[in-house]
Each structure stands twice: as C-alpha cells, then as structure tokens.
Amino acid sequence: MSKLIKAGTQQEIEQFLYNQSEMLDTRRWQDWIDLFTADGIYWMPADPADEDGDGIPSIFYEDHYLMRTRMKRLDHPRAWSQSPAPRTSHLVSNVQLDAAASTDKELVVRSRFFTGEIRLDKQRHFVGSYTHYLIPDGKSWKIRLQRVDILNYDAPFDYVLQVWL
Amino acid sequence: MDGQSTPADKILLEGLVETDRVHKDCYVSEEVFEKELEHIFYKSWIYAGHESQIKNKGDFTTFQIGRQPMILVRGDADNFHVLFNRCPHRGAMLTNRHMGNAGHHFICSYHAWQFNFDGSVHAIPSPAGYDDTRFDKNDQDACMKAAPRVASYRGFIFASLAADGPDLETWLSGAKAAFDDICDRAPEGEVEVVKTCFRVVQKSNWKIFLENQLDALHPSITHGAAGRAAADVEEEIKAETGQEAPLQYHYLSAFTTPIYKWDGLETAGHKYGHSMLQGYMGLRPKDPDTLEYEAVMEKAYGKERTDEIFNTNIHHVLVYPCLSVQSPLQQLRAVRPLGPNETLTEIWHFRLKGAPEAIYRRSLHYYNLVNSPSTMINADDLYNFWRCQQGLTSEGGDWVSFHRNEGQDYHEDGVTTSVTGLSELPMRHMFTAWAGYMKGEL
C-alpha cells in the first residue's frame, strides 16, 4: 500500500478534484495551470487504448507552455469565438484512489466527470473519466499527468473544444 | 446520377453566379444543395481514402459521397473496390463501423447474405427458396452495387458515381501537385496514413470552408488571438529556457503574419475548380533534425532533385469539391456536405516513409494543434463560418462579394493566376467550376 494513502486522503483528494473543476467553471486559468508540476501534462487521448500521449495523435497533449498559449488566447480580446464566452459546469464523481497503481511517490486517482456547456444558446454535454497522477506538494498535491478519456473520442465533434475539460 | 441539367434546373440556377459575385442561394437553398449533390458530388471524383488504410484483404473504411454511404474495401493485393453500403436483399447497411476488417466476406447481420469484396454474391442461406423465382444471384440486382469508377493517384483513392467523365489524372490536372508534393517529400516516395481520423462538424455550407482555405486575408484577423498568444509564449520560452521555441509555436504564431506579407504570395486556379496557394511560412529550418532529413532525402533523390522537392513551396491545395490538402505538413481534410447548413470534415495525417521520426512529429504537432478537435485555430474559423451561414439566411442582401482584384487575373495554359495572394481569385475560380458542373458543361 502506498504511503500516500492515509486516513483522510480520500476526502482530501475529492476536495482537490472539485477545486480543480471549479477553477475551470470560474475561468481561473492560471490557478488551474498552477495545479500541474513544472513538467505536468494534460492529455486527452484520441484512443482509449493509448498508453502514452508522446508522439501520437491526441485531442489534447499540452505542457505548461501550450496551456499558457491556450490561456492567453482565451483571455485575448480578439478571441472571437469567446464572445460570448461559453459557460461550463463540471460534476466530478466516482472518485477512487487506485492503491494498486499508486506508489510511495505518486498517487493515482480515477474519477468520472459530467460537464455541461452553454455556448451560443446551445447546450452540449461531455462525459468521461479522469485519471490523475498526483505528487505530494506540501499540504496539497501537484498533477504530473491528467489523463482525460472522453467517451466520444471517435465520434464527430459538434464544433470544437476551446477549453480543457 | 448523370450530370445533365434539365430545363427546371436552368430556371433554378439562372443568375446565381456572376463573374464577381454569387447569390446567397448558393449557400442556403435546400434545392440548390440537392442539385450540387447531383451535378457535382455524384459526377466528379470524391476522395475515398488512402491505400495504406486497407492493406490486407477485407480491410475496409466507410465514407460518404454526398448522401451515399460507401465502403472502400481491399480485395486482393492488387485491387480495391468502392461499394454502396447496402445489402441488396432488404436494404440493411452491411457495416456501421468507420473502419475494420470484414474477414473473408461482408456478411449481412439480418439474413446472413454474404458478399465478395467486388460486391458479387458469395452465398445466400437456403438457396432452394429461390428455385423457380425470378431471382438470379448472378444478376447485378443481387450484388452490392459498386461505384462505376475507382482509381488512385500515388496511393490516394478516389471514386466516382458517374460512369463517364475524365479519368482521375485528367480530372486532378494541376491538383496532382498536392499528392506529388506529399509523396516526394518521403525518401521512399510514399506516405502511410496514421489511423486516427478527427471528425469535426461545421454549422455552415461546404463551400465556405473551401473558400476560407485559400483566403489569405483572413488569418491575421480571424486568428489574431491564437497567433498573438503563441508569439508571446515563443518569447517567454526563449527568455525562460534560453532556447528557441519548438516549431509548433511557429505553426500558431504564423497566423499573425501581417496582411502585406500574404500580398506577395500567389494563388492559382486549375481546371475542374482545383486551386492552390503557393508560398509558405518558411519551413526549411537548419536545425539538426532538418539536416538529417535532408541528408536522407539527398541519398534517395540526389541533391538537385531534393532541392527541387523542397522548393515546391505549396501552402495549400484544394481538390474541388472534396479535399483540402496541406502537403508540406502531410495532412488533408475531406469535406463531406451533410446539408446546406452543415458540413463534416474528416481530418487525416500521414507519415513520410523513410523520413526520421522528428519530421513526423512536425506533422503531428500541426495535426494536434491546428486540426484536432481542441484546435485553437479552427475554433475561430468555425465560428466565423457559422456567422456567415446565419447572415446569409437573412433578407439583408442577396449577394456575396468576390470583387477583390477581379479582372486582374492572368490566364495561361488553362491556369488562372492571381495578381496577389489576397485576391479573391480562388472563390471566383471555384464558382466558375461550380457553374460549369451545374450546367453539365464540366
């Protein structure tokens, strides 16, 4: 059993995940980016069978600098499709600490999400699962890798995703 | 499905296209859309897929020609077929998958009729039931219907639902350059598809997408935010790491290229509505990866031919009406019209056979950053397309303007060349072909 899993870890991690999604829903991009380690990656595979996003097609595969690029675009006054800005609401649930996959240095957490988005008077939904690879950071955690498996990975996207899910 | 215009069509189509402007009905009318399917999509050659998608017997991929659901399938090593995805018995689709392997035959899930990959009947259960009936399993009505014509050019397969018309190479004319450019950049002269297909639906007419591809006036305006963001981060990477930012940031920041620079480029229109934008963002850096790649190319082709290949300098080729090809980045987008207001794009990229992995990654980065469903670039394009479609349905005006640099195009040897990269020549050129197809003259 990973030394990182203690009494109270479950609740702590749940709060961490809720906090992360709250940052997206309130458009606090920099706070959200700061949750990642310096070499942290946000990855949405194009295929659930993929084990590593490096060097293969992915829906998202972003390090700090690409996240920063995305943030700067979102905040730019001439990001035309951000006017009006889409609104989202994330629900994160089914949070499970993966004891078998975790080590003494890294906690692996699986959860599921359901996100609604309002854009141009239309509603969209996105569903799928998160796998967070978390490193202890003082009293909190940093994300080394967040893997997002979206259910409709191979179905046509109605419009595109401008923001991380 | 022949392209002969009837008198009724003539009335419908009368006056829609002028030399410098087109009527909004070209984009929003259901009736015009149906005529486009009949006269353009069911008459020209439509992109089906790449030979490397169907390497083994029974490998198949599905796609649409207009409203027609088609299957591209590998038969024996030296042949492939394009069939309607319909069982001749009761009409069920033979497959509902995008790609896969059918084994030895297509087998219908309803009554187990089995078909060979050329569409002919392999077996029908309880055949005695057809004794003394009019049914003949060798009759073409018993077979899966095949597209009348299928051909490939350098591995890129097209199908036509018209039995007659120009052969594929004649029809491609100047647009062959797209496939030559992709393949020639491979030391082995061939490319291999990467089997991920991103699919994105645009809430706009298929022509708006094609027009935008060669619209050099739009990038710095539509994509100013994404380009500026990437340019900022390029600077930050340099300041924070002391190294130049990776090339993928340049893919994005190049979208802020000021309008005057696009002015110096050139667009060309070829027969059957194909067109291309020449000149590129200077993709011949001198980093170690590029030098290694150039060395492999020189070994394969010799120095002179290698220089010729790298100096081809194509930005974008439109194969009218079905494809947008970015040959130096080894990607293409197939355009599948779903209705006057809705278009599906299928986005593919390719590996250059024999090229170093680092060169593949350049293509991959463009695929992931510019063409994927998380694109920071097309997010603003699709939004503009939607706004165009919305505005065009209004009664606020009848015309779409393509006047820019009209009357200044050069015509030589069947190719029309623009006086500036900012000219609206590609739009005028596509509509000249559009009118030709619709009148049954192409």
Side-chain angles (χ1 to χ4, degrees), chain A residues 29 33 38-39 41-50 53-86 119-122 124 126 148 150 152-165, chain B residues 98 194-203 221-234 236-237 240-241 245-246 248-249 252-253 336 338 342 344-349 357 360-361 363-365 367-369 371-384 386-387 390:
Chain A
W29 313 132
I33 293 172
D39 59 352
I41 296 280
Y42 176 88
W43 179 35
M44 186 184 290
D47 183 335
D50 293 338
D54 184 39
I56 60 167
S58 296
I59 299 169
F60 285 84
Y61 189 74
E62 296 190 356
D63 63 5
H64 252 271
Y65 287 117
L66 279 174
M67 292 179 204
R68 211 186 283 179
T69 308
R70 187 173 291 280
M71 171 180 72
K72 283 171 181 272
R73 176 191 168 266
L74 290 169
D75 288 343
H76 197 285
R78 280 181 282 125
W80 309 112
S81 51
Q82 282 291 311
S83 174
R119 177 183 165 271
L120 302 172
D121 298 342
K122 295 263 167 55
R124 293 197 292 179
F126 303 100
V148 182
I150 189 169
N152 58 326
Y153 63 91
D154 60 347
F157 277 76
D158 184 357
Y159 190 60
V160 296
L161 299 168
Q162 298 188 56
V163 184
W164 312 281
L165 275 180
Chain B
H98 291 308
V194 178
K195 285 190 179 177
T196 297
C197 178
F198 288 139
R199 294 180 171 80
V200 176
V201 174
Q202 313 181 344
K203 301 289 185 188
I221 301 157
T222 301
H223 307 300
R228 200 61 256 155
D232 281 358
V233 174
E234 272 180 322
E236 290 170 15
I237 290 174
E240 290 172 25
T241 69
Q248 65 255 39
Y249 292 89
L252 299 175
S253 63
R336 313 295 188 193
L338 304 177
E342 202 169 42
L344 171 68
T345 51
E346 297 168 349
I347 309 158
W348 296 92
H349 74 304
E357 177 69 12
Y360 164 66
R361 289 200 175 212
S363 170
L364 174 68
H365 286 138
Y367 188 71
N368 278 350
L369 283 177
N371 283 334
S372 86
S374 73
T375 169
M376 287 180 251
I377 298 299
N378 294 323
D380 293 313
D381 283 322
L382 268 54
Y383 174 73
N384 275 341
W386 170 79
R387 288 172 68 137
Q390 294 298 305

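Chain letters run A, B, ... following the sequence lines, proteins first, then strands; residues in each count from 1.
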What's the shortest heavy-atom distance between [X] and [Y], and which atoms?
X: A/G55; Y: B/Y360; value: O-CE2, 3.6 Å
X: A/V160; Y: B/P373; value: CB-O, 3.1 Å
X: A/P57; Y: B/V194; value: CG-CG1, 3.7 Å
X: B/D380; Y: A/A79; value: OD1-C, 3.9 Å

Who wins among B/Q202, B/K203, B/E357, B/E346 for the most heavy-atom pairs under 4.5 Å with chain A? B/K203
Shorter than 4.5 Å, heavy atoms on both sides: which option in B/Y249, B/W386, B/Y367 has the most such pairs with chain A?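 Counting heavy-atom pairs under 4.5 Å, the top option is B/Y249.
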Which portion of A/D50 sits near chain B, non-hydrogen atoms under 4.5 angstrom: neither
Contact origin within A/D75 toward chain B - heavy atom pairs under 4.5 Å: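 No part of it gets close to chain B.
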How many angstroms lie between [atom1] in [X] and [atom2] in [Y], if you round to the nearest 0.5 Å?
X: A/F157; Y: B/L344; atom1: CZ; atom2: CG; value: 12.5 Å
X: B/T375; Y: A/I59; atom1: OG1; atom2: CD1; value: 13.0 Å
X: A/H64; Y: B/I237; atom1: NE2; atom2: CD1; value: 12.5 Å
X: B/I377; Y: A/R73; atom1: CD1; atom2: CZ; value: 8.0 Å
X: B/M376; Y: A/L74; atom1: CE; atom2: CG; value: 8.5 Å
X: B/S374; Y: A/W164; atom1: OG; atom2: CH2; value: 10.5 Å

I need the single residue from B/E236, B/E234, B/E240 that forms a side-chain hydrogen bond (donor to acceptor under 3.5 Å, both in side chains) with A/Y65. Which is it? B/E240
Going by heavy atoms in the side chains, are [X] and [Y] under 4.5 Å from each other?
X: A/D54; Y: B/R361; answer: yes
X: A/R78; Y: B/I221; answer: no
X: A/I56; Y: B/T196; answer: no

If you count heavy-atom pairs under 4.5 Å with chain B, which of [options] comes out on top?
options: A/F60, A/W80, A/Y61; answer: A/W80
options: A/D154, A/D47, A/L66; answer: A/L66
options: A/H76, A/M44, A/Q82, A/M71; answer: A/H76

By side chain to side chain contact (heavy atoms under 4.5 Å, CB included), which residues pair with A/R119, not counting sequence neighbours?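 Residues passing side chain to side chain contact (heavy atoms under 4.5 Å, CB included) with A/R119: A/P86, A/E117, A/Y159, A/Q162, B/Y383.
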Residue B/H349 versus chain A: region with a heavy atom under 4.5 Å: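 The side chain, not the backbone.
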